[in-house]
Asker: 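Mind having a look at this structure? Questions to follow.
Note that these values count all heavy atoms, side chains included, but never hydrogens, waters or copies made by symmetry. In this text, all values refer to a predicted model and were calculated from it rather than measured experimentally. Naming convention: chains lettered A, B, ... in sequence-line order (proteins, then strands); numbering from 1 in each chain.
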Amino acid sequence: MPRMVILDGNSLANRAFYALPPLTTADGRPTNVLHGFLTMLFKLEQEQQPDYWVVAFDKTKATVRIEQYAGYKAQRKETPEGLRPQFDYLKEILTEMDVPILELAGYEADDLIAAITKQAEAQGMEIQIYTGDKDALQLISPKTNVYLTKKGISEVERYDETALWERYQLRPLQIIDLKGLMGDTSDNIPGVPGIGEKTALKLLWEFGSVEDVLANVEKVSGKKVQGNLKEYADQAILSKKLATMLTEVPLEFSSQDFVFRRAQGVKVLPVLQKYDLKNVTRLWLERHKDDDERVTEPSESALGKWPQRQLSEEEWLAQIKEWETQKNPITLTCRYEGTGLQGGRWLEWGVAVQGETFSLTRAEVSEKVCQAWLDLMGNEQVPKTFADSKTVALLLANDGAELKGLSLDLSLASYLIQSSRTKFAPLDLVKEYFPNQEAFESAADEAGGLAQVAPRFEEDIHSLGLPSLLHDLEEPLSLVLAQMERQGIAVDSEQLIAFGEGISHTLKELEQDIYGLAEETFNINSPKQLGTVLFEKLGLPAAKKTKTGYSTDAETLEDLRSVHPIVAKILDYRQLNKLISTYVNGLLAQAKEGRIHTTFQQTVTATGRLSSTEPNLQNIPIRLEQGRQLRKVFHPTEPGWVLLSADYSQIELRILAHYSQDPLLCESFALGQDVHTRTAAEVFGISLDEVTPDMRRSAKAVNFGLVYGLTEFGLSRDLGIPRKEAKFYVEQYFKRYSGVKRYLEGVVTQAKQDGQVRTLLNRLRRIPELMHSNRVQRQFGERIAMNTPVQGTAADIMKLAMLKVAEGIKPYKADMLLQVHDELLLQVAPEDLESVACVLKENMEKAYSLSVPMTVECKVGPNWYDMKPFHLKQ
DNA sequence: AGATTCACG
DNA sequence: ACGTACGTGAATCTT
């Protein structure tokens with residue numbers, strides 16, 4: 001007898017979701033259902049060897065049953081946030097595996113299962129139903145068995161007529177009567193109040209069915225039960241109707257639709273890898289190790305290789321002209337020489353256009369072809385796709401050429417889709433959609449590969465609502481960043497050396513003093529040796545510990561200052577040593593021809609901020625005077641020009657005000673008040689002029705902490721006050737600023753539902769930590785959820801401002817040099833200072849309109865240290 | 001490669 | 001009873 005296996009997709013997915021720990025992919029997409037379901041599926045396939053099989057899913061938009069009883073499922077819980085997306089993933093995988101899926105608008109899996117069962121029985125099949133839902137027991141017949149999941153998901157219990165009788169002493173159809181009487185909270189079937197499973201069973205054993213019970217209601221023992229049965233007779237009948245699985249589904253299926261087919265192993269691997277399903281992949285490979293790859297149908301998920309054409313000198317010129325006229329999108333990769341980008345030189349271009357690829361090698365073509373090529377790169381009308389447009393822009397700039405017509409940057413696209421990604425080389429980008437792809441042999445192949453994934457990236461960008469963020473913000477910004485990097489900032493190496501020599505001198509003295517006080521020489525830079533000296537030899541009280549031993553960080557040492565004179569020396573040593581090694585030596589090593597060119601990373605941070613490397617010019621000392629002096633070595637590159645800086649005042653708190661619409665916070669900014677003083681007044685319940693500097697300091701720390709996801713611990717540590725006091729501040733704050741509290745709670749709730757948060761410009765960050773079983777991890781996720789929209793929106797706004805400023809200063813003698821998160825640094829010719837400062841301030845303040853005003857403060861000076869406030873004339 | 005420390009917003 | 005403020009990069013020591 002042919003055997004058909006029917007799986008209740010919804011029920012099993014639900015069981016898997018609750019039975020398994022919250023597993024996720026590396027980027028945080030939930031996958032526990034996939035593991036559970038597929039493991040069970042493999043086991044079942046092996047043990048039962050079905051001839052036919054199918055997985056049924058709900059398509060619940062408008063259920064037939066809703067018309068019958070308005071309350072039906074009305075109270076059913078929303079699908080949990082971690083489960084919902086997994087249905088789509090699961091269907092995607094099942095489709096790849098050639099496992100038939102059945103769903104029908106307006107019907108639940110239950111009803112489809114009942115209908116298929118009936119038809120399969122008529123065709124003389126043996127039927128096995130796999131589900132976690134006891135409702136299905138009503139379908140049991142001599143030909144049909146039901147397999148109910150026991151704890152977990154891959155363990156099942158088989159029910160045939162005999163087993164059902166042994167368990168409940170009921171016949172299959174009486175399951176409907178059972179539900180009619182006892183109801184089902186999960187399906188919101190009401191049943192009869194006061195009747196649970198035990199009473200219902202007793203009644204059915206005695207009378208047989210709901211109708212029989214009601215007909216003989218006077219004979220029912222128990223006053224209360226009898227009363228309820230009388231009162232809720234209609235409800236009992238209705239409940240029975242609701243519990244009945246519909247077999248009347250307007251769908252004819254041929255058994256051919258459900259034939260068991262064994263998908264070829266390799267075809268399924270990419271999708272399993274896409275969801276990081278390591279165990280499932282292992283199981284799959286085990287089962288399919290004998291598959292013959294040679295007979296595998298050409299897989300949709302393998303990257304095709306586009307043919308490469310070799311062009312002669314004349315053909316190149318003609319081809320480039322053709323591309324200029326046709327304006328078809330072209331995809332490019334670039335091989336280049338040189339470390340980094342300063343002076344880097346392109347060697348070869350891989351080109352993919354319309355299903356063909358080309359390779360243009362500098363050494364093999366004439367100067368004329370090169371020039372034609374550079375013109376093509378500068379042709380705004382020809383749309384171009386790159387893996388990394390900033391690098392390309394810099395390489396072209398080194399040839400005196402410009403990059404125009406940038407239509408898609410795949411690294412930026414990939415970053416916006418998945419900000420946690422770390423690798424953006426062309427091969428990594430291709431592997432995103434074709435995990436099996438091997439290294440490309442040529443630049444041409446590489447371009448061909450990129451051209452084939454480009455549409456996939458665009459689809460994902462589109463479906464996540466990111467096209468504008470990508471095309472209108474990040475992509476144009478990459479070209480602005482390229483200009484800034486290329487421009488560089490001037491540093492006076494001799495001044496830097498002199499600065500270092502002064503410090504070195506003090507450092508040597510400190511070193512000797514420390515050795516003297518310790519009565520031995522040791523490596524002060526080694527936390528391990530330092531810990532031994534301080535806490536063992538000198539017997540100082542050890543407060544904190546790290547994973548590996550004593551903690552010797554500044555915070556710990558600060559508390560020991562008064563205990564031993566060596567401590568202060570060590571703190572000084574550390575500070576100066578940092579200046580020497582990271583800044584003096586670090587910057588000297590990077591200075592070329594009097595300039596430093598940082599690299600702005602646009603695809604690194606989780607929040608959308610930029611970062612700066614080799615060297616990092618976003619963390620040049622400023623807080624302590626000694627370090628701040630270092631800023632004197634940063635000058636304009638042009639003689640006579642000045643540095644002009646502009647920084648956003650309280651941008652993150654303003655964004656918090658905008659998001660939360662808290663009346664007090666909004667008012668504070670609308671009135672142009674000092675926000676920390678106002679906060680202090682609110683928290684301490686006093687007037688603005690009664691606020692002491694210490695109160696303001698506390699309020700400032702609260703405001704600071706808010707943006708990070710305020711904790712009592714963090715605040716108490718920051719202010720050096722007891723937890724209790726910190727708790728008081730937090731409570732008082734949220735009492736007064738209840739809108740902020742409501743907003744922050746709302747963000748976390750929403751984030752838990754979506755598994756992600758977004759900024760004002762729609763930038764997305766997934767937060768897998770929110771679903772961790774570990775409480776500490778989860779709370780971390782909650783703080784990320786509170787911080788990211790604020791920090792990320794600030795980053796969005798600054799990026800927007802940079803685009804406008806870059807455009808606005810074009811008529812003037814001015815260059816943008818650096819961005820330090822909420823500050824821009826420019827160099828300007830003195831005659832254009834007033835105009836440029838105006839452009840700068842205006843564009844930053846009006847970059848994006850919030851419900852509170854944005855203010856920007858400008859400073860000007862001959863170097864990055866001596867910056868004085870600059871006020872516009874009007 | 002990972003941990004520690006410290007510079008910035 | 002836990003173990004915490006958010007986001008980075010560089011230098012250094014240790015394994």
Side-chain angles (χ1 to χ4, degrees), chain A residues 419 522-531 544-558 570-571 573-587 589-590 598-601 604-624 626-628 630-631 647-653 656 701-719 723 726 730 744 757 765 767 769 774-792 794-795 798 818-824 864:
Chain A
S419 55
F522 64 100
N523 187 346
I524 309 171
N525 289 322
S526 160
K528 195 181 170 194
Q529 292 182 40
L530 181 63
K544 265 200 312 187
K545 283 212 148 186
T546 65
K547 277 183 195 166
T548 52
Y550 304 106
S551 174
T552 65
D553 62 16
E555 199 194 329
T556 310
L557 296 187
E558 207 55 54
I570 288 166
L571 283 165
Y573 176 93
R574 279 253 179 90
Q575 205 190 111
L576 296 182
N577 194 52
K578 178 89 175 177
L579 290 178
I580 286 281
S581 59
T582 302
Y583 297 102
V584 175
N585 295 339
L587 291 176
Q590 299 284 345
T598 186
T599 300
F600 287 108
Q601 306 293 340
V604 165
T605 71
T607 54
R609 276 187 173 181
L610 299 178
S611 84
S612 156
T613 58
E614 290 180 292
N616 181 353
L617 293 184
Q618 290 181 320
N619 72 345
I620 302 302
I622 188 166
R623 292 174 188 168
L624 298 174
Q626 201 157 23
R628 189 176 194 149
L630 209 125
R631 295 190 167 220
D647 64 284
Y648 280 114
S649 151
Q650 305 294 347
I651 185 169
E652 295 191 341
L653 273 184
L656 184 64
V702 172
N703 282 332
F704 203 59
L706 272 175
V707 174
Y708 298 156
L710 196 60
T711 65
E712 289 158 23
F713 176 86
L715 187 62
S716 74
R717 196 166 57 79
D718 199 44
L719 284 172
R723 286 280 289 268
V730 174
L744 292 174
V757 289
R765 178 179 184 179
I767 313 180
E769 290 88 348
N774 179 313
R775 208 196 78 209
V776 176
Q777 281 291 303
R778 224 167 36 240
Q779 288 176 335
F780 179 50
E782 291 168 4
R783 293 195 295 272
I784 293 174
M786 294 187 258
N787 172 264
T788 299
V790 174
Q791 189 184 123
M798 175 54 107
L818 298 176
Q819 185 250 48
V820 192
H821 310 308
D822 62 357
E823 172 190 0
L824 286 180
W864 208 7

Asker: Using whole Å, what does the distance between atom C1' of nucleotide C/dA11 and atom CD1 of A/I620 come to?
Answerer: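 Taking CD1 of A/I620 and C1' of C/dA11, I get 14 Å after rounding.
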Asker: Closer than 4.0 Å, any side-chain N/O of A/S612 to the OP1 or OP2 of C/dG9?
Answerer: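 No.
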Asker: Classify the side chain of A/R717 versus the base of C/dG3 as yes if they form a donor-acceptor pair under 3.5 Å and no if they do not.
Answerer: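 Side chain to base: no pair below 3.5 Å.
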Asker: Distance check needed: C/dT14 P versus A/I524 CD1, whole Å only.
Answerer: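 Taking CD1 of A/I524 and P of C/dT14, I get 13 Å after rounding.
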Asker: Can you measure A/F713 atom CZ to C/dC2 atom P for me and round it to whole angstrom units?
Answerer: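 After rounding, the gap between these two atoms is 14 Å.
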Asker: Indicate yes or no: does A/E652 engage A/R609 in a salt bridge with an N to O separation below 4.0 Å.
Answerer: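 The answer is yes: the pair qualifies as a salt bridge.
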Asker: In whole Å, what is the span from the CG atom of A/L571 to the P atom of B/dC6?
Answerer: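 One finds 8 Å between P of B/dC6 and CG of A/L571, rounded.
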Asker: Tell me whether the NZ or CZ atom of A/K544 lies within the 45° cone about the ring axis of A/Y550 and under 6.0 Å from its centre.
Answerer: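 That pair does not qualify as a cation-pi contact.
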Asker: A/Q575 has a side chain; which of C/dA11, B/dG9, B/dA7 sits nearest to it?
Answerer: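 Looking only at side-chain atoms, A/Q575 lies closest to B/dA7.
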Asker: Answer whether the closest heavy-atom distance between the side chains of A/F780 and A/I767 falls below 4.5 Å.
Answerer: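 They are not in contact (no side-chain heavy atoms under 4.5 Å apart), so the answer is no.
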Asker: Once you apply a heavy-atom cut-off of 4.0 Å, does A/A795 come out as touching a base, just sugar-phosphate, or nothing?
Answerer: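 It contacts nothing in the nucleic acid.
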Asker: Should A/R628 be listed as having a side-chain N or O under 4.0 Å from OP1 or OP2 of B/dA7?
Answerer: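 For A/R628, the contact criterion (side-chain N or O under 4.0 Å from OP1 or OP2 of B/dA7) is not met.
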Asker: Write down the distance separating the P atoms in C/dG3 and B/dA7, rounded off to the nearest Å.
Answerer: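 28 Å, rounded to whole Å.
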Asker: Tell me whether the side-chain N/O atoms of A/N525 come closer than 4.0 Å to OP1 or OP2 in B/dT5.
Answerer: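 Checking A/N525 against B/dT5: no side-chain N or O falls below 4.0 Å of OP1 or OP2.
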Asker: Counting only side-chain N and O atoms of A/T613, is one of them less than 4.0 Å from OP1 or OP2 of C/dG9?
Answerer: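 Looking at the OP1 and OP2 atoms of C/dG9, neither is under 4.0 Å from any side-chain N or O of A/T613.
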Asker: With distance as the sole criterion, do the side chain of A/Q779 and the base of C/dG3 form a donor-acceptor contact below 3.5 Å?
Answerer: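 By the distance-only test, yes, there is a pair.
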Asker: Between B/dC6 and C/dC2, how far apart are the two P atoms, rounded to whole Å?
Answerer: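 To the nearest whole Å, 26 Å.
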Asker: Name the closest nucleotide to the A/R723 side chain, picking from B/dA7, C/dT4, B/dT4.
Answerer: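 Given the options B/dA7, C/dT4, B/dT4, the side chain of A/R723 is closest to C/dT4.
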Asker: Can a donor-acceptor pair be found between the side chains of A/Q601 and A/T613 at a distance below 3.5 Å?
Answerer: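 Yes, a side-chain donor-acceptor pair sits under 3.5 Å.
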Asker: Side-chain N or O of A/S526 less than 4.0 angstrom from OP1 or OP2 on C/dT14?
Answerer: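 Yes, such a contact exists.
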Asker: For a quick test of reading the model: is some side-chain N or O of A/R783 closer than 4.0 Å to OP1 or OP2 of C/dC6?
Answerer: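 Yes, because at least one side-chain N or O of A/R783 sits under 4.0 Å from OP1 or OP2 of C/dC6.
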Asker: Across all strands, who's sitting opposite C/dA1 as a Watson-Crick or G-U wobble pair, both distances under 3.5 Å?
Answerer: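 Paired with no nucleotide.
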Asker: Quick one: is A/R574 getting a side-chain N or O under 4.0 Å of the B/dC6 phosphate, OP1 or OP2?
Answerer: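 Looking at the OP1 and OP2 atoms of B/dC6, one of them is under 4.0 Å from a side-chain N or O of A/R574.
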Asker: Let's test your reading of the model: under 3.5 Å, does the base of C/dC13 pair with the side chain of A/K528 as donor and acceptor?
Answerer: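 By the distance-only test, no, there is no pair.
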Asker: What contact category does A/R765 fall into here, base, sugar-phosphate, or nothing, at under 4.0 angstrom with non-hydrogen atoms?
Answerer: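 Sugar-phosphate, no base atom in range.
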Asker: Among the candidates B/dA7, C/dA10, C/dG7, find the nucleotide nearest to the side-chain atoms of A/F780.
Answerer: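 Selected nucleotide: C/dG7.
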Asker: Counting distance alone, no hydrogens or angles: does the base of C/dC6 have a donor or acceptor under 3.5 Å from a partner atom on the side chain of A/Q791?
Answerer: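 Such a pair is found, so the answer is yes.
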Asker: Any side-chain N or O of A/T582 under 4.0 Å from OP1/OP2 of B/dC6?
Answerer: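 No.
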Asker: State, yes or no, whether a side-chain contact exists between A/T598 and A/Q590 at a heavy-atom distance under 4.5 Å.
Answerer: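 No, side chains not in contact.
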Asker: Has A/T711 got a side-chain N or O lying under 4.0 Å from the OP1 or OP2 atom of C/dT4?
Answerer: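 No.
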Asker: Rounded to the Å, how far apart are A/K545 NZ and C/dG3 P?
Answerer: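 Rounding to the nearest Å, NZ of A/K545 and P of C/dG3 are 15 Å apart.
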Asker: Please state the P separation for the pair B/dA3 and C/dT4 - nearest whole angstrom.
Answerer: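 The same atom, P, in both gives a distance of 13 Å.
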Asker: When the distance from CG of A/N616 to P of B/dA7 is rounded to whole Å, what number comes out?
Answerer: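 Rounded to the whole Å, the gap is 13 Å.
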Asker: Under 4.0 Å, counting only non-hydrogen atoms across every strand here, what does A/L610 touch: a base, just sugar-phosphate, or nothing?
Answerer: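 If one applies the 4.0 Å heavy-atom cut-off, A/L610 turns out to touch nothing in the nucleic acid.
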Asker: What nucleotide, of B/dT4, C/dC6, C/dC13, holds the atom closest to the side chain of A/K547?
Answerer: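 Nearest to the side chain of A/K547 among the choices is B/dT4.
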Asker: Keeping A/S419 on the side-chain end and A/R765 on the backbone end, is there a donor-acceptor pair under 3.5 Å?
Answerer: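 Not confirmed, A/S419 side chain does not pair with A/R765 backbone.
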Asker: Answer with base, sugar-phosphate or nothing: what part of the nucleic acid does A/A701 contact at a heavy-atom distance below 4.0 Å?
Answerer: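 The residue A/A701 makes base contact.
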Asker: Does A/G549 offer a backbone N or O that forms a donor-acceptor pair with the side chain of A/T546 under 3.5 Å?
Answerer: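 Yes: the side chain of A/T546 pairs with the backbone of A/G549.
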